[in-house]
There are 2 protein chains.
Amino acid sequence: MQRTPIAGRGAAVLDAVVERFILTGDPVGSTRVARLLPERVSSATVRNVMAELEHLGYLEQPHTSAGRKPTRRGYRRYVESLFAQGSYASVDPQPLRSLLQEEPAEIQELLRRACKLLAELSELVGVVSAPPLADTVFQHIDFVPLEGGRVLAIVVARSGQVKNRVVTLREPMSQEQLDRAAHYLVRRFAGRSLRQVARRVAELLTEASLRLAGIEQQAISLGASSLGGDLDETEVMIEGTTSLVTRPEFEAREDLLAVLEIIEQPAELVPALSQEADGDRTRVLIGSEPLPAALGGCSLIMATYGSGGQVLGSVAVLGPTRLPYARAIAVVEAVAVATSALITELGI
Amino acid sequence: MQRTPIAGRGAAVLDAVVERFILTGDPVGSTRVARLLPERVSSATVRNVMAELEHLGYLEQPHTSAGRKPTRRGYRRYVESLFAQGSYASVDPQPLRSLLQEEPAEIQELLRRACKLLAELSELVGVVSAPPLADTVFQHIDFVPLEGGRVLAIVVARSGQVKNRVVTLREPMSQEQLDRAAHYLVRRFAGRSLRQVARRVAELLTEASLRLAGIEQQAISLGASSLGGDLDETEVMIEGTTSLVTRPEFEAREDLLAVLEIIEQPAELVPALSQEADGDRTRVLIGSEPLPAALGGCSLIMATYGSGGQVLGSVAVLGPTRLPYARAIAVVEAVAVATSALITELGI
DNA sequence: ATTAGCACTCTCCCCCGCGGAGTGCTAAGC
DNA sequence: GCTTAGCACTCCGCGGGGGAGAGTGCTAAT
């Protein structure tokens, strides 16, 4: 029974402290914990237990003669016990259905809604990473001539995601030639992932001068220019920043500033969101490692969404370390499931 | 000489108070003003003048025996005198050139950069309203078939702006038919504004069943579905929120919250940005009327950008009422001019 | 009209002392 | 040996008091 460093009463006390602290934000004293425990014990007993928990690094005191609050380690252990018992709150399915309501034109729109939903349901900051374009399926390409020998390339993924890029031609091409090139690319490559298409086109380009004839060569060249580069870039969207402002833990100006800066540079969350994105486990990052240093006082709860076994991106909520984990986890998982379902249905 | 309610020494004192208050944020006392004035006067004299300025509604006292700070009216009068003497700071042309540096693929990208520039140069919040799609020139349209008899319509403006919409077909069409329809629309309507195209297509749709043959009818119908609706919607982008957080005037939680809420709903600024957008005068709104009520403590400095005499949108900075107007005005005007120039060059 | 002088007002800040909450320890009880 | 009642101690937070400083309005003199 001693597998975990703490067990039985110790665990109960820790959970009580964490939950109470999450609720009120004030350090929790021994008498309060004694009242909170199901078992009838005296505050003195609780004090002994708490002293030990502090020694083990699960609790800390802001100062002598204040109550205790959880350390990161304490939160971690609490969250793990949440997962272990597997029973966290359930989420009202109504808003999730509204996510599915009217069909979004593109996946971006769908993800934006999911992000708002995360923020609203959790009353925290919603974070969603979009699938890198490289992972979407090539459906269509179109070239629109601009002035000055430049061409606007429009790449359409099956998900409805659209990418534009301006390409400069080495020699002028007519609208008809452009159309033929586009048709050629679609005929030949539609249905593969953009990553595959980009790789293949790049390969062909090196051989092209030898074996391919006029229009094909032009098509390949155009395709290479249109698909080169930033296909792997991950877009991150964020909603619900305002909910943080009123939080007492961000009373210190600098802390709030740090979070808001992240929000202006959401890309800083990419490492945290993708590095941890394996399989279907919900992850909880408690103010450390893959999170930017400025978010020391924050936690991120994330899950992945995808289609047909492939992970496409992450949904997450971000908030102060002192956040209602049970609810947050439930919200994140519910949104992840709904998003996956919708994407699978619409195709990616 | 008594055209304005105040003149001569009164004006000098008011300007001194406003400038000093903008600089430090503390109410300004009579001795300080006396030192600031070019003319050598005693603090007692200044006191008399200040008492009168307060009576006229240009200054106010936070409490007896504090210095004075400007009222809205005071700011207004100060700003007008700035315009009257017409000499405000000049702006470092270097960053503006970087705006023109590498050519943006679409106008949205250009405006985003302009917005960031506004924020950086002014150290306030940058605000830019994009031209409504209706005002852009129709260049190209393309239809991509999706599953389930739905079609993704991609409308391209000459500016490079792209709009997507999913359209549901009443009867299935082949890729070839879709291409023919797209070609028809481009041949017939390219070069007109989207607003004109939308109107014309809608007109034709009502007559179409009588006079037009198969493919034309289909094309018109598709065009109408693709262009209907929200063409007049104005997109507003915002950058540099974080610069407000550290500002002492937003120490009160609620004030900061109000501003951040606006930033999550930038559309609330549309009335202020468009209602005031006539001609080429730079406008200064000081925490009132067309601004949302929550921005009572803020000012907006805005100018319009455009091409060939046509106003396309606005660039602006937003900050607390106590902001460095001379600099802000200079920045806004410089960015407006640069943006107009670039848009004119690239075509809209 | 301007200014020196003066009494008055109000804020800000520091300091002090107190009550309350919570702890750790000890000794007694089961 | 674990639990618990009792107790002394610590430390934060809060409200009041007092002084310094900044600024004002008024009056009287120039």
Side-chain angles (χ1 to χ4, degrees), chain A residues 1-2 6-14 16-18 20-21 23-71 74 248-249 251-252, chain B residues 1-2 6-14 16-18 20-21 23-71 74 248-249 251-252:
Chain A
M1 280 302 174
Q2 278 289 45
I6 55 178
R9 178 176 295 159
V13 169
L14 177 53
V17 171
V18 175
R20 177 73 193 179
F21 184 75
L23 200 65
T24 68
D26 297 324
V28 189
S30 53
T31 20
R32 170 135 282 136
V33 173
R35 277 208 301 274
L36 252 38
L37 289 181
E39 183 188 9
R40 223 204 127 293
V41 285
S42 76
S43 64
T45 310
V46 174
R47 273 202 288 286
N48 291 333
V49 179
M50 285 169 94
E52 195 183 359
L53 286 172
E54 178 167 9
H55 204 76
L56 293 170
Y58 294 105
L59 294 179
E60 66 184 345
Q61 274 181 305
H63 52 265
T64 345
S65 101
R68 257 87 172 195
K69 47 180 264 195
T71 60
E249 37 269 89
E251 198 155 350
Chain B
M1 280 303 174
Q2 277 290 46
I6 54 178
R9 178 176 293 158
V13 168
L14 176 53
V17 171
V18 174
R20 177 73 193 179
F21 183 75
L23 199 65
T24 68
D26 297 323
V28 188
S30 52
T31 19
R32 171 135 280 137
V33 173
R35 276 207 301 272
L36 253 38
L37 289 182
E39 183 189 8
R40 222 203 127 297
V41 285
S42 76
S43 64
T45 310
V46 174
R47 274 203 287 286
N48 290 332
V49 179
M50 285 170 93
E52 195 184 358
L53 286 173
E54 178 167 9
H55 205 75
L56 293 171
Y58 293 105
L59 295 178
E60 66 185 344
Q61 274 181 305
H63 52 265
T64 344
S65 100
R68 257 84 170 200
K69 48 181 264 194
T71 60
E249 37 270 90
E251 199 157 349

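Per chain, numbering begins at 1; letters A, B, ... match sequence-line order.
- Other residues, nucleotides and ligands place more than 12 heavy atoms under 6.0 Å from the CD atom of B/Glu60.
- Qualifying side-chain contact (heavy atoms from CB on, under 4.5 Å) partners for A/Ala12, counting only residues two or more places apart in sequence or in other chains: A/Leu37.
- Rounded to 10°, the angle separating the first-five-pair axis and the last-five-pair axis of the helix from C/dA1-D/dT30 to C/dC30-D/dG1 equals 20°.
- Straight-line distance from the CD atom of A/Glu39 to the C1' atom of D/dT4: 13 Å, rounded to whole Å.
- In terms of the salt bridge (charged side-chain N to carboxylate O under 4.0 Å, His left out) criterion, residue partners of A/Glu39 (sequence neighbours excluded) are, by chain and number, A/Arg9.
- Closest non-hydrogen pair, B/Lys69 versus B/Pro62, comes out as CD-CG, 4.1 Å.
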Got a list of side-chain donor-acceptor pairs under 3.5 Å for residues 28-35 of chain A, not counting sequence neighbours?
| residue | atom | partner | partner atom | Å |
| --- | --- | --- | --- | --- |
| A/Ser30 | OG | A/Arg47 | NH1 | 3.1 |

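- The CZ-C1' distance, from B/Arg9 to C/dT3, rounds to 11 Å in whole Å.
- Remark: A/Glu54 pairs with A/Arg68 by the side-chain hydrogen bond (donor to acceptor under 3.5 Å, both in side chains) rule, at least two apart or across chains.
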**Reading 5' to 3' through nucleotides 21-27 of chain D, protein heavy-atom contacts under 4.0 Å coded B for base, S for sugar-phosphate only, - for none** = -BBBB--
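- Between B/Asp26 atom CG and C/dT11 atom C1' the separation is 12 Å, expressed in whole Å.
- Each of A/Thr71, A/Val49, A/Val17 was compared with A/Leu59 under the side chain to side chain contact (heavy atoms under 4.5 Å, CB included) criterion, and only A/Val17 meets it.
- Taking atom CZ on B/Arg40 and atom C1' on C/dA4, their separation rounds to 12 Å, with Å as the unit.
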Pick out the pairs of N or O atoms, protein on one side and nucleotides 26-29 of chain C on the other, that lie under 3.5 Å.
none

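- Across the protein-nucleic acid pair, A/Glu52 atom CD and D/dG1 atom C1' stand 15 Å apart, rounded to whole Å.
- Taking the side-chain contact (heavy atoms from CB on, under 4.5 Å) definition, one finds that A/Glu249 meets it with A/Arg247, A/Pro320, A/Arg322, sequence neighbours left out.
- Scored by the side-chain hydrogen bond (donor to acceptor under 3.5 Å, both in side chains) test, B/Thr45 finds B/Ser42 as partners (sequence neighbours excluded).
- Counting heavy atoms of neighbouring residues, nucleotides and ligands inside a 6.0 Å radius, atom NE2 of A/His55 does not exceed 12 of them.
- Under the side chain to side chain contact (heavy atoms under 4.5 Å, CB included) test applied with B/Tyr58, the options B/Val13, B/Val18, B/Leu53 reduce to a single match, B/Leu53.
- Between D/dC12, C/dT3, D/dT4, one nucleotide has an atom nearer to the side chain of A/Thr45 than all others, and that is D/dT4.
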